[in-house]
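Okay, so here's the structure we're looking at.
These numbers come from a predicted model, not from an experiment. Residues take their numbers from the sequence shown, with the count starting at 1.
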Amino acid sequence: MEIVESIPDLAVQDPPGEDFSASDLSWTKFGTEERHDDVALIHYDRVDAFIIGECCNVEFPTRFHIERGRKRSKGSLKEYKPDEYLEYRLYWCSFGPENYGEGGGILPSRRYRLNTRNRAARPQSMRGCTCHFIVKRLYARPSLALLIYNNRRHINKSGFVCHGPLDRDAIGPGAKNIPYICNEIQQQTMSMIYLGIPEENVLAKHIEGIQRYCGSDAKVNSLAAQYVHKLGMIIKRSTHELDLDDQASIRLWVERNKKSVFFYQDASENDPFILGVQTEWQLQQMIRFGHRSLIATDSTFGIKKLKYPLCTLLVFDSRQHALPVAWIITRTIAKPDVSKWMKALHDRVLAVDPAWKVNGFLVDDAAAEIDPIRQNSYSLPFLCIYNIEVQREIFKRLGNIVYSIWDGTDPFVALEELSQDFVDQMAFLQYFKATWLPKFEMWLTTMKMLPLASQEASGAIEAYHVKLKVRLYDDSHLGALQRVDWLVHKLTTELHSSYWLDRYADESDSFQNVKAEYIATTSWNRALQIPDASVTLDCKDSSFAKVLSQKDSTIARLVWNPGSEFAHCDCEWSMQGNLCKHVIKVNMICGNLQSYRPSMSFQSFNEILDSLSKKPADDSIALDLSTAWTHQMLDQIRKLVELNQANNIGTIVNNMPLRWVAKKGRTSVGRPSTLALLPSSANNNSTSSAAKKKQKRKRLSRLC
């Protein structure tokens with residue numbers, strides 16, 4: 001915008017209507033390149049109309065008080081500039097400038113509250129709003145007023161909305177009458193609103209939850225309706241853009257959501273951008289489902305479309321569905337950078353549960369840094385997840401290349417044969433050589449080093465990946481993909497609410513439609529619904545199998561290369577490169593037949609057992625250590641089996657060994673106090689003798 005340096009260059013504005021606001025005026029930059037303000041020139045007799053219009057802002061209803069004012073008499077200046085004032089008034093939003101809210105205080109220069117007119121009704125309602133403007137009645141042209149808007153946004157010093165309908169912390173003067181709303185009810189209501197459920201349905205569930213604490217009451221229902229309506233209005237009007245600059249907007253979000261950020265490193269010349277997000281609910285789920293269990297990574301999302309790729313840490317819940325427990329937004333995969341956020345996350349979990357420990361870590365990238373995870377997770381075993389992204393004609397050959405790890409054949413010979421046999425598939429070969437061939441040796445090495453994950457785990461992670469695409473790659477948001485604040489907003493609102501409601505519906509047996517959809521999310525669970533009788537294996541030709549559709553028995557799906565992770569189905573879901581229920585069901589049946597090859601994860605497991613049986617040498621310390629580890633692992637398995645099979649937890653507790661704890665009669669060093677063993681008379685004598693010695697020392701000190 002062009003900067004104007006002279007008042008006469010400004011046009012006098014007179015908006016139509018009885019009242020008007022700042023949005024009805026055209027604002028001009030006035031001043032110099034180093035210092036300038038937004039100004040507008042209006043008739044002086046319309047200043048009150050402007051103030052009334054500003055007070056009637058729908059999103060920020062308020063009043064403006066005169067914070068400071070000065071006057072001059074006409075003729076008091078012999079020489080003056082065009083912007084000199086005859087009257088000067090500084091108008092401030094009545095929700096400021098003091099802040100009596102959480103973490104606020106009165107201005108350092110003010111020991112008392114000014115008794116100026118048009119202040120807020122109660123001092124405690126002030127929230128440090130910085131919105132203010134200046135009205136100058138011009139000395140040279142008394143019929144005109146110069147409006148100078150220093151800050152048009154109703155925000156506090158931290159940059160957050162501090163009053164009005166968009167303020168999440170504002171609950172109004174009737175706060176003491178609002179019924180008790182626990183975190184569970186509030187999160188349930190917010191989740192339903194974020195997922196687009198109609199307001200009347202949200203209100204019905206909200207009132208149902210409140211009545212568990214307050215009972216049925218007309219006033220309670222009325223207040224609940226106001227609460228739900230206001231919360232819905234806040235959510236619908238909320239925006240991810242706290243600042244026009246994406247980097248500044250993220251800083252503001254981090255400042256406001258410190259409890260949901262476990263690591264933050266701003267981008268600089270030496271350090272890359274890293275943001276680790278984990279809500280309190282996600283932390284609880286990580287402790288609950290991650291302890292003595294598996295944690296998986298989905299680290300390849302948004303590499304091409306998003307400004308920074310998204311890495312997700314997942315745990316497997318009670319139904320073995322992938323549940324996101326942390327999001328890391330960064331472009332770096334260097335070991336020092338991964339160590340930073342991994343250690344911060346690990347320390348956060350241990351601060352809540354010092355006994356927390358992970359049994360395994362699933363990685364989906366052969367280039368992933370394993371050392372930082374080992375350093376922060378007590379030497380975990382790792383599992384590798386494979387990708388299936390090629391057509392069925394080549395799946396079997398690619399599978400043979402991977403199976404060569406356990407067959408003893410040379411994989412590079414099989415790779416050369418693949419290139420020669422499919423030389424006419426130019427598009428595939430170009431894609432394969434450009435994308436996968438440089439990583440081929442790295443993938444084979446990783447698969448030899450690390451055990452492979454099962455199809456159930458792969459299907460659960462794939463279900464999360466698909467859900468992430470649906471939530472983020474909506475056509476209406478394509479313009480915001482390059483903003484980190486938009487990504488964080490979508491993750492912590494819509495996606496977080498979706499998974500919270502899924503878990504709540506399953507555990508509370510409510511929202512039956514949500515629960516049914518949640519259970520059928522993964523291909524593994526959908527495959528369990530297919531009866532064995534619907535699967536037909538060809539005895540003569542083992543290259544394909546048939547699966548009857550459960551919706552239409554006249555439709556049969558063909559699965560090529562059955563019994564292999566590189567099987568392919570002709571259904572639409574599989575043709576898109578996904579792991580479908582038909583392939584999983586066929587592999588379930590083939591896994592029980594000796595004529596089919598065992599799964600890759602089972603072959604990897606056998607390879608580990610065979611390598612353990614070959615070492616260590618007899619009568620060595622390594623043998624003793626291996627024996628101790630084996631017995632420890634067997635003891636843990638026995639306890640888990642016993643716990644799962646027990647009908648009464650009391651029998652398990654009674655069989656546990658006793659643990660002695662400190663008693664009051666013991667001192668801090670663990671020895672019993674001698675005074676506690678003496679009779680009461682001895683205690684009285686010793687106390688009195690000690691008091692006499694003390695008095696004697698006092699008298700001696702006075703004499704000296």
Side-chain angles (χ1 to χ4, degrees), residues 57-62 95 101-102 125 127 129 153-156 158-242 252-253 256-260 277 279-282 471 477 485-486 488-505 508 510-511 513-514:
N57 190 324
V58 177
E59 294 183 348
F60 307 101
T62 183
F95 288 91
E102 182 180 354
S125 67
R127 291 295 178 265
C129 184
R153 302 177 65 189
H154 290 263
I155 57 176
N156 55 24
S158 299
F160 305 127
V161 175
C162 53
H163 65 89
L166 299 183
D167 179 18
R168 299 189 178 189
D169 300 326
I171 53 180
K176 61 181 180 180
N177 299 320
I178 292 180
Y180 172 72
I181 302 176
C182 64
N183 291 335
E184 181 182 283
I185 298 176
Q186 186 179 19
Q187 184 63 55
Q188 171 189 303
T189 305
M190 291 177 61
S191 299
M192 295 176 70
I193 295 174
Y194 275 122
L195 297 178
I197 297 176
E199 185 173 314
E200 55 269 18
N201 297 349
V202 178
L203 178 60
K205 284 292 182 181
H206 184 78
I207 293 177
E208 180 183 324
I210 288 179
Q211 287 178 351
R212 295 200 300 264
Y213 301 94
C214 305
S216 180
D217 182 80
K219 187 174 182 180
V220 168
N221 295 348
S222 176
L223 291 171
Q226 296 176 22
Y227 174 82
V228 171
H229 178 71
K230 180 189 173 182
L231 189 61
M233 186 169 58
I234 291 174
I235 291 175
K236 290 175 183 177
R237 292 183 178 180
S238 62
T239 176
H240 61 275
E241 289 188 1
L242 301 178
L252 292 174
W253 187 91
R256 185 169 189 176
N257 299 272
K258 291 181 178 180
K259 292 183 178 180
S260 299
V277 179
T279 65
E280 294 185 25
W281 179 76
Q282 287 179 306
R471 293 289 177 185
H477 302 301
D485 55 0
W486 169 84
V488 173
H489 181 77
K490 294 287 285 187
L491 292 175
T492 55
T493 55
E494 293 185 20
L495 193 67
H496 182 275
S497 298
S498 175
Y499 277 99
W500 186 94
L501 197 61
D502 287 344
R503 290 298 310 155
Y504 179 78
S508 63
S510 57
F511 300 100
N513 294 337
V514 176

Step-by-step side chain to side chain contact (heavy atoms under 4.5 Å, CB included) determination, Trp486 to Glu241:
CA-CA 7 Å; Trp486 169 84; Glu241 289 188 1; over 6 Å; no
Passes side chain to side chain contact (heavy atoms under 4.5 Å, CB included), Ile155 versus Cys129? Steps please.
CA-CA 5 Å; Ile155 57 176; Cys129 184; over 6 Å; no
Under the ring pair (Phe, Tyr, Trp, His ring centres under 6.0 Å) rule, what do His489 and Trp253 come out as? Steps first, then yes or no, please.
CA-CA 9 Å; His489 181 77; Trp253 187 91; 9.3 Å; no
When you look at Glu199 and Val228, which way does the side chain to side chain contact (heavy atoms under 4.5 Å, CB included) test go after all the steps?
CA-CA 8 Å; Glu199 185 173 314; Val228 171; 4.1 Å; yes
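Annotation: side chain of His154 is not in contact with side chain of Val161 (no heavy-atom distance under 4.5 Å). Counting heavy atoms from C-beta outward, Thr492 and Ser260 have side chains that stay 4.5 Å or more apart. Residues Lys490 and Leu495 are not in side-chain contact: their nearest non-hydrogen atoms beyond the backbone lie 4.5 Å or more apart. By the 4.5 Å heavy-atom criterion applied to side chains, Met190 and Leu231 are counted as neighbours. Two residues are said to be in side-chain contact when any heavy atoms from C-beta on lie closer than 4.5 Å; Asp485 and Leu242 fail this criterion.
Taking the centre of each ring, His206 and Tyr227 come in below the 6.0 Å mark.
The distance from atom CD1 of Ile207 to atom OG of Ser222, rounded to the nearest 0.5 Å, is 9.5 Å. Glu494 CD to Ile193 CD1: the interatomic distance, rounded to the nearest 0.5 Å, is 13.0 Å. The line from OG1 of Thr189 to OH of Tyr194 is 12.0 Å long, rounded to the nearest 0.5 Å.
The shortest heavy-atom contact between Leu501 and Val514 is O-CG1, 4.1 Å. Scanning both residues, Asn201 and Met192, for their nearest heavy atoms gives O-CE, 3.9 Å.
There is a side-chain donor-acceptor pair under 3.5 Å between His496 and Thr279. At a cut-off of 3.5 Å, with distance as the only test, a side-chain donor of Gln187 or Ser191 sits close to an acceptor on the other residue.
Listed for the Ser508 side chain is a donor-acceptor partner under 3.5 Å among the backbone atoms of Tyr504.
The side-chain tip of Lys205 points at the ring of Phe511 from less than 6.0 angstrom away and within 45° of straight on.
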